[in-house]
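Remarks on the structure that follows.
Starting from 1, each residue takes its place in the sequence as its number. Quick note: numbers below take in every heavy atom, side chains included, and nothing from hydrogens, waters or symmetry partners.
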Amino acid sequence: MSNLGPFVWSIADQLRGVYKPHQYGSIVLPFTILRRLDALMASNRDQMRALAKKHTGGVLDAQMRRATGLAFYNTSQYDFDRLLEDPDQLRENLIEYVTSFSSNIDVFEQFGFEQVINILDENNRLYLVVERFAGVNLHPEAITNAEMGDLYEHLIYKFAEASNEEAGEHYTPRDAIRLMVDVLFAEEQESLTGEGVVRTVYDPTAGTGGMLSVAEERLHERNPSARLTLYGQEINGQSYAICKSDMISKGQEIGNIGKGDTLINDRFYGRTFDFCLSNPPYGVDWKAAEDFVKEEHRAGGLGRFNAGLPPVSDGQMLFLQHLVAKMRPAHEGGGRAGIVLNGSPLFTGAAESGPSKIRQWLLEEDLVDAIIALPTDMFFNTGIATYVWILDNDKQPERRGTVQLIDASGMWTKMRKGMGSKRREISVAQRDEIVGIYDAHEEGEHSKILPTSEFGYWTITVERPLLDENGEVVRDRKGNPKPDSKKRDTENVPFTYGGNTEGADGRDATIKAYFDAEVAPHVPDAWIDPKKIKVGYEIPFTRIFYKYVPPRPLEEIDKELEAKVAKILTLLKAVEA
C-alpha cells in the first residue's frame with residue numbers, strides 16, 4: 001500500500017487546469033470509492049445482471065444478498081472495462097452506471113458526482129481519469145480492508161493539505177485510536193477471546209470510520225472468529241461517504257452508518273452498544289443544535305443531556321453525556337466508552353455551572369473509569385494537551401468508587417516527518433506500557449488512583465461586616481451584621497478536607513473545620529453564608545501529577561551572573577580598544 005496512495009493521488013495530474021489543487025480530492029475520492037465497489041462486485045457481475053431481469057424492489061434486494069453475499073448491487077451492464085470500450089458515450093454510460101446502484105448506495109450524491117462527470121467530459125479529461133482508475137487494482141485480494149482504510153486516510157490528508165484544511169476534522173491518528181481500543185478491550189480480555197464472540201461498536205462522530213476500522217482490526221487480532229458489528233454517524237457529507245464505503249468493503253450492514261448531526265438527530269435512538277468511541281470536535285459551538293439540545297435537557301431523565309449543559313461555544317461535554325446514553329446498560333452486561341477531549345472538560349466552570357454538574361453526575365454515578373493524558377502534538381489539527389476519558393457503567397469491583405489517572409504525556413516517539421500539527425506518535429512498546437499501567441491498576445509514578453469524592457468541593461461565600469464612618473458594625477433590624485459586598489470572598493473546601501471520608505454527607509462539619517483553621521485566624525469577624533454554599537467538581541489532573549523542582553542555590557546563580565558580567569565587560573573593553 002505504501003506506493004498505492006501516491007499513485008492514486010497522481011491521477012490528479014489529469015485535473016490540472018480544470019480544477020484547482022484544493023479541489024482535487026472531491027474528484028479523486030469518489031472515483032476511488034467507485035473503483036473499490038466495482039472491484040468488490042467483479043466476481044458477481046453476471047449474477048447481478050441476471051437477477052435484475054427477473055426481480056424488482058425488495059425481492060431483488062433479498063435475492064441479490066442471498067446470491068452474492070453483498071449488501072449492495074449494481075444492475076448496469078457496465079463496469080470500468082466496458083466503459084472504456086465506448087469513449088464517445090462515456091459520460092452517459094458512466095452516469096448510468098453510477099445511478100444503477102442499489103438505493104442504499106447514496107455516497108456519490110455527497111460529492112455531486114454527476115456534475116464532476118459532466119465537467120471532466122466538457123474538458124476532455126473524463127476518459128483519461130477513468131482509464132487511470134481502471135488500471136488501479138483495488139480488489140480485496142490485492143488490497144485488504146485495512147489497507148483500503150489507510151488509502152482513504154492518505155488521500156484525505158493530501159486533500160486537506162492542499163486546501164489548507166484541517167485533516168484532523170476528518171480522521172484521528174491510528175496510534176491514538178489503537179491506544180483507546182486496547183484500553184477499552186483490556187477489561188474484557190478473556191471474554192473477547194472465547195467462542196462465538198459477538199460485540200457492537202459505535203462512533204457518533206465517525207469521520208471516515210477510522211475508529212470503527214481499528215476496533216474491528218484489533219478484535220480480530222485477538223480472536224479471528226469474533227464478530228464485530230460497527231455503527232456510526234457522521235455530519236460531514238464526504239466523510240460520511242468514505243466511512244460508508246469503507247464499511248461496505250468490510251461487509252458491514254450499510255444501514256449501520258447514518259448521516260447527520262448526532263446532537264440534533266440520534267440516528268440510533270433507543271440503541272445501546274458494547275463499546276463506544278469518539279473524537280468530537282474541540283471548541284466548536286453547538287448553536288445549530290441549541291434548540292434541540294435544550295429541549296432534550298428539559299426532558300430530564302428521558303433525554304441525553306439531563307446532567308447539565310456546557311457553554312454553547314464548546315460541545316465536547318454534550319458528547320460525553322451522549323456516550324453514556326449509548327453504553328449498554330449494566331443490567332444487560334454493561335458498556336464501555338472512550339472519548340478524546342482537550343483539557344477543558346476537566347476543570348472548566350465554577351461550582352454548579354453546567355460543566356461542573358456534568359462532572360458531578362459522571363463521578364457520583366461512578367461512570368469514569370480512567371483518564372489518560374496523551375502527549376502534545378499527537379493530532380493533525382492541534383498541538384494542545386489532550387486526554388482520553390474511559391467510561392464504564394459496570395466497573396470491576398476493585399475499580400468501583402475510584403478514578404485512575406494516567407500521565408502518558410511523556411510517552412511518545414518523534415515522527416521522522418510531521419503531518420500537520422502531528423509530530424509525535426505512540427509506538428507499539430509505549431502503547432503496551434500505557435495499557436499495562438491501566439491493567440495493573442496500581443499507584444505509581446504515572447498512575448494515581450483516587451476516590452471519586454477527591455474531586456468534589458464546596459464553594460463557600462465568606463462575608464465580613466459592613467462598617468460606617470465611625471468604624472462600628474452596621475446591623476439590620478434583627479441586629480445581625482450587614483455584609484460588606486466589597487470584602488466578600490469565596491473559598492473552595494475539598495470534600496476530603498481534614499480526612500473527611502463521608503464525601504458530600506460530611507458537609508457541615510468539614511466546612512466548619514476548614515473555616516476555623518483556614519479563615520477565622522486571619523479574619524476573626526468573618527462568617528459563612530449557608531444559603532450560598534455550592535457543590536462543585538473538578539479534576540485537577542496537572543496539579544495531581546505536579547512535581548516540585550527546587551530552585552538552584554543562590555550561590556550558583558550568583559556565580560553564573562558574575563561570569564556573564566565578566567564576559568560582557570571583556571567584550572566592551574575589546575570594542576573600546
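To the nearest 0.5 Å, atoms CD1 (Ile358) and CG (Leu309) are separated by 7.0 Å. A distance of 11.0 Å separates CG of Leu341 from OH of Tyr387, quoted to the nearest 0.5 Å. Here Glu454 contributes atom CD and Ile539 contributes atom CD1; the two are 11.5 Å apart, rounded to the nearest 0.5 Å. Here the straight-line distance linking atom CG of Leu367 with atom CD of Gln321 works out to 11.0 Å at 0.5 Å rounding. Distance check, rounded to the nearest 0.5 Å: CD1 of Ile437 to CD of Glu445 gives 9.0 Å. Remark: His220 NE2 to Leu228 CG distance equals 6.5 Å, nearest 0.5 Å.
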* Yes or no on side-chain contact (heavy atoms from CB on, under 4.5 Å) for Thr32 and Leu155, after CA distance, side-chain angles and deciding distance? -> CA-CA 10 Å; Thr32 302; Leu155 295 176; 3.6 Å; yes
* Asked: Taking it one step at a time, do Glu425 and Lys414 satisfy salt bridge (Lys or Arg N to Asp or Glu O under 4.0 Å)?
  -> CA-CA 6 Å; Glu425 62 186 355; Lys414 187 176 181 179; over 6 Å; no
* **Residue pair Met327, Phe273: steps toward the side-chain contact (heavy atoms from CB on, under 4.5 Å) verdict** => CA-CA 5 Å; Met327 292 192 297; Phe273 307 92; over 6 Å; no
* Evaluate salt bridge (Lys or Arg N to Asp or Glu O under 4.0 Å) for Arg431 paired with Asp182, printing each intermediate quantity in order. => CA-CA 9 Å; Arg431 183 174 76 233; Asp182 284 5; 3.2 Å; yes
* Starting from the C-alpha separation in whole Å, work towards a yes-or-no answer on salt bridge (Lys or Arg N to Asp or Glu O under 4.0 Å) for Lys547 and Asp407. => CA-CA 12 Å; Lys547 293 179 181 178; Asp407 181 11; over 6 Å; no
* Report the C-alpha distance between Thr452 and Glu364 in whole Å, list the side-chain angles of each, state the deciding distance to 0.1 Å, and finish with yes or no for side-chain contact (heavy atoms from CB on, under 4.5 Å). => CA-CA 7 Å; Thr452 54; Glu364 290 185 351; over 6 Å; no
* Test Asp392 against Lys395 for salt bridge (Lys or Arg N to Asp or Glu O under 4.0 Å), laying out the working first. => CA-CA 6 Å; Asp392 193 326; Lys395 292 183 182 179; over 6 Å; no
* Would you please test Arg36 and Ser245 for side-chain hydrogen bond (donor to acceptor under 3.5 Å, both in side chains) and show each step? => CA-CA 8 Å; Arg36 177 64 167 184; Ser245 301; over 6 Å; no
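Counting heavy atoms of neighbouring residues, nucleotides and ligands inside a 6.0 Å radius, atom CD of Glu141 does not exceed 12 of them. Other residues, nucleotides and ligands contribute more than 12 heavy atoms inside 6.0 Å of the NZ atom of Lys259.
Residues Pro494 and Asn492 approach most closely at CD-O, 3.5 Å, considering heavy atoms. In terms of heavy-atom proximity, Val368 sits nearest to Trp389 at CG2-CZ3, 4.3 Å. What you find for Asn306 and Gly301 is that their closest heavy atoms are CB-N, 4.0 Å. Nearest heavy atoms, Thr348 versus Pro355: O-CB, 3.2 Å. For Pro173 against Phe379, the heavy-atom pair with the smallest separation is CD-CD2, 3.7 Å. Nearest heavy atoms, Ile264 versus Ala288: CD1-O, 3.7 Å.
Inspection of the Asn145 and Ser213 side chains reveals no N or O donor paired with an N or O acceptor under 3.5 Å. A donor atom on one side chain and an acceptor atom on the other are found under 3.5 Å apart for Thr172 and Asn279. In this model, a donor atom of one side chain and an acceptor atom of the other lie less than 3.5 Å apart for Tyr438 and Asp369. Residues Tyr240 and Asp106 have side chains that bring a donor and an acceptor to within less than 3.5 angstrom of each other. Side-chain contact, Thr413 with Gln430: a donor N or O sits under 3.5 Å from an acceptor N or O. For the 3.5 Å distance criterion, the side chains of Thr229 and Glu253 fail to qualify, holding no donor opposite an acceptor. No donor-acceptor contact under 3.5 angstrom links the side chains of Asn236 and Glu234, judged on distance only.
Ring to ring, Phe185 and Phe275 are close: their centroids are under 6.0 angstrom apart. Separation of the Phe108 and Phe31 ring centroids does not fall under the 6.0 Å cut-off. Aromatic ring centres of Phe347 and Phe541 lie farther apart than the 6.0 Å criterion allows. Taking the six-membered ring where the residue is Trp, the centroids of Tyr202 and Tyr231 are separated by 6.0 Å or more.
Using modelled atom types, no side-chain atom of Arg304 and backbone atom of Ala325 make a donor-acceptor pair closer than 3.5 Å. A donor-acceptor distance shorter than 3.5 angstrom exists from the side chain of Asp366 to the backbone of Gly401, with no hydrogens or angles considered. With hydrogens and angles ignored, the 3.5 Å screen pairs a side-chain donor or acceptor of Thr262 with a backbone N or O of Pro204. Trp286 contributes a side-chain N or O that, together with a main-chain N or O of Pro311, makes up a donor-acceptor pair within less than 3.5 Å. Under a 3.5 Å cut-off, the side chain of His297 and the backbone N or O of Phe305 do form a donor-acceptor pair. Counting only distance, with no hydrogens or angles, the side chain of Gln404 and the backbone of Ile449 share no donor-acceptor pair below 3.5 Å. The backbone N or O of Asp246 lies less than 3.5 Å from no partner atom in the side chain of Lys244, so there is not a single donor-acceptor pair. When atom types are taken as modelled, the side chain of Ser447 and the backbone of Glu442 share a donor-acceptor pair closer than 3.5 angstrom. Using modelled atom types, one side-chain atom of Arg359 and one backbone atom of Pro345 make a donor-acceptor pair closer than 3.5 Å. Looking only at distances, a side-chain donor or acceptor of Gln233 sits under 3.5 Å from a matching main-chain atom of Gly260.
Among residues two or more places apart in sequence or in another chain, the side chain to side chain donor-acceptor pair (under 3.5 Å) test is passed with Asn393 by none. Take Thr205 and apply the side chain to side chain contact (heavy atoms under 4.5 Å, CB included) test, not counting sequence neighbours, and it matches Asp203, Ser278, Pro280, Phe319.
When side chains are defined from C-beta on, Ile11 counts as touching Val136, because their heavy atoms get closer than 4.5 Å. The shortest side-chain heavy-atom distance between Cys276 and Val201 does not fall under the 4.5 Å cut-off. Leu192 places none of its side-chain heavy atoms less than 4.5 Å from the side chain of Asn223.
Each of Arg328, Arg227, Lys326 was checked for a salt bridge (charged side-chain N to carboxylate O under 4.0 Å, His left out) with Asp274, and the lone residue meeting it is Arg328. Just one residue in the list Glu433, Arg174, Met378 forms a side chain to side chain contact (heavy atoms under 4.5 Å, CB included) with Ile426, and that residue is Met378. Paired with Glu216 under the rule side chain to side chain donor-acceptor pair (under 3.5 Å), one option of Lys250, Arg199, Gln252 passes, and it is Gln252.
Ring geometry, Phe101 versus Phe72: the interplanar angle falls from 30° to 60°, so the pair is classed tilted.
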